[in-house]
Each structure stands twice: as structure tokens, then as C-alpha cells.
Amino acid sequence: MPGLNCASCHQESNADSTGFPGGHNWHLAPLSMKWQDLNDRPFSSAALCRAVTDRSKNHNLDGPGLLKHHEEEPLVLWAWNPGRRPDGTMCTLPPLSHEEFVVVTRRWVEAGTPCPPGR
Amino acid sequence: MAKYQLNINGQRKEVTVDPSTPLLWVLREDLKMTGTKYGCGVSACGTCTVHVAAVATRSCMFPVSLIGARPVVTIEAMGEDPVGRVVQDAWLEKDVVQCGYCQSGQIMSAVALLKHTPRPTDTNIEESMGGNICRYATYVRIREAIKVAAQKLK
């Protein structure tokens with residue numbers, strides 16, 4: 001939307017003085033990649049796994065494609081460099097390092113991207 | 001403090017400010033260009049909209065240190081802009097303004113819309129202008145004025 005782009009607020013890097021996150025090609029995921037339902041409830045692990053591995057919803061990424069996405073995509077990497085909140089405090093980091101994230105992703109891909117049972 | 005060479009409305013401007021200073025305050029306080037207004041200060045109302053490299057941008061949350069070489073265009077340049085002039089004329093024709101405080105941001109967003117989408121639909125207008133809030137709810141007249149401007153720009 002020309003008058004209301006992501007770049008209307010989000011720049012190429014975090015704006016720590018204002019607390020606005022930023023990064024290259026900052027954008028929301030498309031609706032096909034949503035991780036929550038229409039009532040804003042997060043998907044279960046099983047449903048999330050099915051969504052992430054469904055090639056009709058994930059830009060046709062197979063297992064190695066998902067691994068590469070986790071290894072290199074700037075917006076994924078941003079999670080480990082999220083900058084500061086508007087109040088100046090640091091944003092929370094994921095509970096594992098990016099290296100650990102890639103290791104467990106590789107292990108999951110090598111196992112055939114299995115999903116947990118259930119809804 | 002740091003020195004920045006900025007391209008504002010096609011003119012080279014030099015300011016010495018803290019790198020964290022939002023563009024809005026550089027415009028208003030350092031360059032005395034008060035056409036761009038302060039609204040919410042958290043990028044939520046659109047009042048402070050300017051164009052940075054032709055992208056409608058909320059200047060209140062945009063640190064000057066991130067501008068780089070990108071040109072900045074403000075409401076002060078709209079009278080000389082071919083689309084901006086037509087939009088301002090349409091605003092007058094439709095008597096859009098109530099108190100007027102939000103209108104420089106409204107016009108900057110409208111111009112960005114029309115430069116990208118010369119014949120916008122109602123949906124285009126509502127989605128594109130959805131980030132610009134008017135306390136006096138001039139939205140209907142804004143939509144009419146954008147349509148008038150689009151007709152004149154054919």
C-alpha cells in the first residue's frame with residue numbers, strides 16, 4: 001500500500017533510539033504462513049509443523065530449503081539481533097543461539113521433517 | 001552529536017544533531033520547517049508523514065542517522081510537485097480540512113498513493129490512507145478529494 005508501507009516505519013536496520021525494529025526487506029509473512037488462528041490463538045506444535053512443512057503454503061520449500069531459510073534469511077537472523085524496545089531495554093532473544101537453531105533444524109530435516117501427532 | 005548532509009526538497013541541508021534525533025524534530029527544530037506536524041510520536045497516526053526516497057514515511061520514529069543519501073520531501077514542496085499541486089487543489093475544492101492538523105500527513109500519503117496508483121479504487125484509498133487518522137473524521141471528503149485529483153491527473 002503506497003501510503004502505508006512496511007517501510008513507512010521499519011527501516012533497513014533497527015532504530016534503537018525509537019524502538020522500531022528494522023531489517024532488509026522487512027515485511028509480514030503472507031497469510032498462507034500464519035502461525036495463529038483468526039482469534040489470535042497460536043497454533044499447536046503439530047498444526048504449526050504442518051503449516052511450516054506444507055509446500056503449498058511455504059513458498060514451496062522442501063527440507064533443505066527450510067534449512068537454508070533458517071540459516072540465511074535476514075529476517076530469521078534478525079531474531080538474534082532484535083534491538084531495543086521503545087523504553088530502551090533490550091528485546092528478548094530466542095532461548096537458543098542461531099547456531100543451535102541451525103543444528104536442530106538440520107537434525108529435523110535429516111529425519112524427514114517429522115511433525116508431532118495431534119491437531 | 002554528528003553532522004549530517006541531508007537532501008530536503010531538493011536542497012542540501014546540513015545539520016548537527018544527536019544521531020538518535022527523529023527526522024521530524026530535525027525538520028521542525030533545526031530546519032524550522034514546521035509544515036510537518038507532531039501527532040502521536042509512535043508512528044501510529046500518520047500526522048508526521050513525509051516522503052523518504054518516494055516512500056511515505058513516519059518521520060516521528062525515523063532517526064536521522066538512518067536516512068543516508070535518500071532524498072526527503074515534505075509538505076513544503078507539494079505546491080511545486082505536479083501531483084502535490086493537484087492534490088492540494090482538490091483538497092480546497094472539496095473543502096476537506098476541519099482543524100487541519102493532520103492534513104499535511106494526509107496529503108503526503110495521498111500523493112504517495114496517486115504516484116503509485118494513479119486511478120485508485122475505494123479499497124486502494126482506504127488501505128493506503130488507513131494509517132492517517134483524523135480527529136474530525138474528514139475521511140469521506142479525503143476520499144472524494146483523492147478521486148477528484150485522480151480525475152484531474154488523467
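All figures in this text were calculated on a predicted structure; none of them were measured in a lab. Side-chain atoms are counted along with the backbone in the values below, which use heavy atoms only and exclude waters and symmetry mates. Throughout, protein chains are lettered first and strands after them, A, B, ... in sequence-line order, and every chain is numbered starting at 1.
In the hydrophobic cluster analysis, where Ile, Leu, Val, Met, Phe, Trp and Tyr join through side-chain heavy atoms closer than 4.5 angstrom, B:Val52 is grouped apart from A:Leu4. Under the 4.5 Å side-chain heavy-atom criterion for grouping Ile, Leu, Val, Met, Phe, Trp and Tyr, B:Leu27 is connected to B:Ile67 within one hydrophobic cluster. One hydrophobic cluster, built from ILVMFWY side chains closer than 4.5 Å, cannot hold both B:Val55 and B:Leu23; they sit in different ones. In this structure, B:Trp25 is not a member of the same hydrophobic cluster as B:Met33, with clusters built from ILVMFWY side-chain heavy atoms closer than 4.5 Å. Grouping the Ile, Leu, Val, Met, Phe, Trp and Tyr side chains by contacts below 4.5 angstrom, directly or via other members, places B:Ile75 with B:Val86.
In the displayed structure, B:Glu80 atom CD is contacted under 6.0 Å by at most 12 heavy atoms of other residues, nucleotides or ligands. Shown here is B:Lys115, whose NZ atom has more than 12 heavy atoms of other residues, nucleotides or ligands within 6.0 Å. By the neighbour-count criterion of 12 heavy atoms within 6.0 Å, atom CZ of B:Arg119 is sparsely surrounded, having that number or fewer from other residues, nucleotides or ligands.
Chain A forms the most heavy-atom pairs under 4.5 Å with one residue out of B:Glu127, B:Met108, B:His116, B:His51, and that residue is B:Glu127.
Close approach to chain B, defined as a heavy atom under 4.5 Å from one of its heavy atoms, is seen in no residue of residues 75-108 of chain A. Contacts from residues 5-36 of chain A to chain B, taken as heavy-atom pairs separated by less than 4.5 Å, involve A:Asn5, A:Ala7, A:Ser8, A:Cys9, A:Gln11, A:Ser13, A:Asn14, A:Ala15, A:Ser17, A:Thr18, A:Phe20 in sequence order.
There is no contact between B:Val111 and chain A, counting heavy-atom distances below 4.5 Å. Contact annotation for B:Met61: both backbone and side-chain heavy atoms come within less than 4.5 Å of a heavy atom of chain A.
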